[in-house]
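Right, one structure below, let's go through it.
Throughout, protein chains are lettered first and strands after them, A, B, ... in sequence-line order, and every chain is numbered starting at 1. FYI, side chains are in, hydrogens and waters are out, and symmetry mates aren't considered; it's all heavy atoms of this structure.
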Number of protein chains: 2
Amino acid sequence: MAIKLFIVDDHYMVIEGIHSLLQNEKNIELCGHATNTASCMAFLQQKQPDIILMDINLGEESGIALCKKVKDQYPSVFVVGLSTFNQQSFIRKMLDNGASGYVLKNATHEELMEAVTTVIKGKEFLSNEAASRLRANETQEIILTRREKEVLELIANGLTNSEIAKALFVSNTTVDTHRGNLLAKLQAKNTAELVKIALLKKLIDLNG
Amino acid sequence: MAIKLFIVDDHYMVIEGIHSLLQNEKNIELCGHATNTASCMAFLQQKQPDIILMDINLGEESGIALCKKVKDQYPSVFVVGLSTFNQQSFIRKMLDNGASGYVLKNATHEELMEAVTTVIKGKEFLSNEAASRLRANETQEIILTRREKEVLELIANGLTNSEIAKALFVSNTTVDTHRGNLLAKLQAKNTAELVKIALLKKLIDLNG
DNA sequence: CCAAAAATCATGGAAAAAGGGGAGTCTTTT
DNA sequence: AAAAGACTCCCCTTTTTCCATGATTTTTGG
């Protein structure tokens, strides 16, 4: 029997995209879609799919909240988060609210199928980078050198590379190197995320 | 009678600089200097100055800790923090530890004199920007608009302007405007400080 | 309704960060 | 002694941020 799939996304483009990606899959039956919380819940009263692909951003509404609502009322329905971006916090919230997986909207046909087939088995599926990031985040202990800690703290205090260089009596490029190493170690995309992760991991503290 | 001034800084350049700035001041007597915690405390056992100009960074040692130590043992000695940068957290710590003032190392002769004459009167002196920042920081409640909060959260999640623009379905320049407004409202120099202040003020939360 | 606030978009330039490489000196550890 | 790690420095390019200035539309509140 085909897996019944339901899509919740406030953009028809996305719904259409998933349709065309999956239309030739015999094992999958697209049993409907919704563009908002209300119509999703309404549909579920009539019929329950096996899996719901659910956008995290539903315009003014939140897919994260909807996920919770759905899982509360229909715990046997698997929810897979959908989002354009690889945002750890959102991924985590979806999972915390009972989602079984997370795929990026630029997922390939193969990846989407893998997500569906994995999740339907009751296992968790996390899209490519999302997975590694989240796992790394949970398991790896981050060890910084003395210098890195110093630089990190000054970065968080709003100092630029050249200001840090003056403060630590080293060259600009040295600070830049440390900064790069910090980004790599904390797996941050940029300074903003670096600071947030550093605080999250208590590598620096707010009143430091 | 001249004001007796003592300098603690781990860089002779700085000590020399202050000397030359103040050598023609009849009202000020430079009664000594130290480059570390131990020699500072040793000096104080022999003789107490009226004011200590104290670097916040003493190499491996902390001026902030020294400040506390000095004020504990010699509460009548005024301590003025010295630092290259305008770091709110450090300024606050110095003040919390009993310092009467804070001047930047690029202070002019006039500013330095003003600091000394203000502090000797038992009043608090905060160098230029330091003052306004700190005060603003303590009193003003920061009110963000709905959009600003959204942008702020995405910034903290490591998204760039163009990514945020895509996520919120607005143009790049709009996001840039919001970003600028956020920097102004939170009085942050850059993204790093923005994120830190936002977390400090609980405008966003670490697991948000 | 009207005024104020918020949200939107733009142009253009300077500064800073991000990302890639490579490389030498030290110290500590094996 | 060799390896490993830390710290230092430099070049280059692209992307992003930061800043100033100005303007229009929408929303909101009295």
Test side chain to side chain contact (heavy atoms under 4.5 Å, CB included) applied to B:Leu21 - qualifying residues, sequence neighbours left out: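 With sequence neighbours excluded, B:Leu21 shows a side chain to side chain contact (heavy atoms under 4.5 Å, CB included) to B:His109, B:Leu112, given in chain and number order.
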
Taking only residues two or more places apart in sequence or in another chain, which ones pass side chain to side chain contact (heavy atoms under 4.5 Å, CB included) with A:Glu16?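 Partners of A:Glu16 by the side chain to side chain contact (heavy atoms under 4.5 Å, CB included) criterion come out as none, since no residue qualifies.
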
side-chain contact (heavy atoms from CB on, under 4.5 Å) between A:Ile15 and A:His11, intermediate numbers included: CA-CA 7 Å; A:Ile15 295 174; A:His11 297 99; over 6 Å; no

For A:Phe78, which residues count as a ring-ring contact (aromatic ring centres under 6.0 Å, His included) partner, sequence neighbours excluded?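 Residues passing ring-ring contact (aromatic ring centres under 6.0 Å, His included) with A:Phe78: none at all.
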
Centroid separation under 6.0 Å, is that true for the rings of A:Phe43 and A:His33? no

is_close_aromatic(A:Tyr102, A:Phe125), centroid dist under 6.0 Å: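 Here the rings of A:Phe125 and A:Tyr102 have centres that are no less than 6.0 Å from each other.
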
Contact under 4.0 Å: A:Thr145 side-chain N or O vs D:dC7 OP1/OP2: yes

What string of B, S and - do you get for nucleotides 8-19 of chain C 5' to 3' if you count protein non-hydrogen atoms under 4.0 Å? BBBB----SSS-

Over its full length, what angle do the end axes of the helix from C:dC1-D:dG30 to C:dT30-D:dA1 make, each axis taken from five pairs and the result rounded to 10 degrees? 70°

Distance in angstrom units between A:Leu182 CG and D:dA6 P, rounded: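 Going from A:Leu182 (CG) to D:dA6 (P), I get 12 Å.
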
Starting from P on D:dC18, measure out to CD on B:Gln187 and report it in whole angstrom. 16 Å

Which residues share a side-chain hydrogen bond (donor to acceptor under 3.5 Å, both in side chains) with B:Asn161, sequence neighbours left out: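 B:Asp176, B:Arg179.
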
Would you say A:Lys69 has more than 12 foreign heavy atoms packed within less than 6.0 Å of its NZ? no

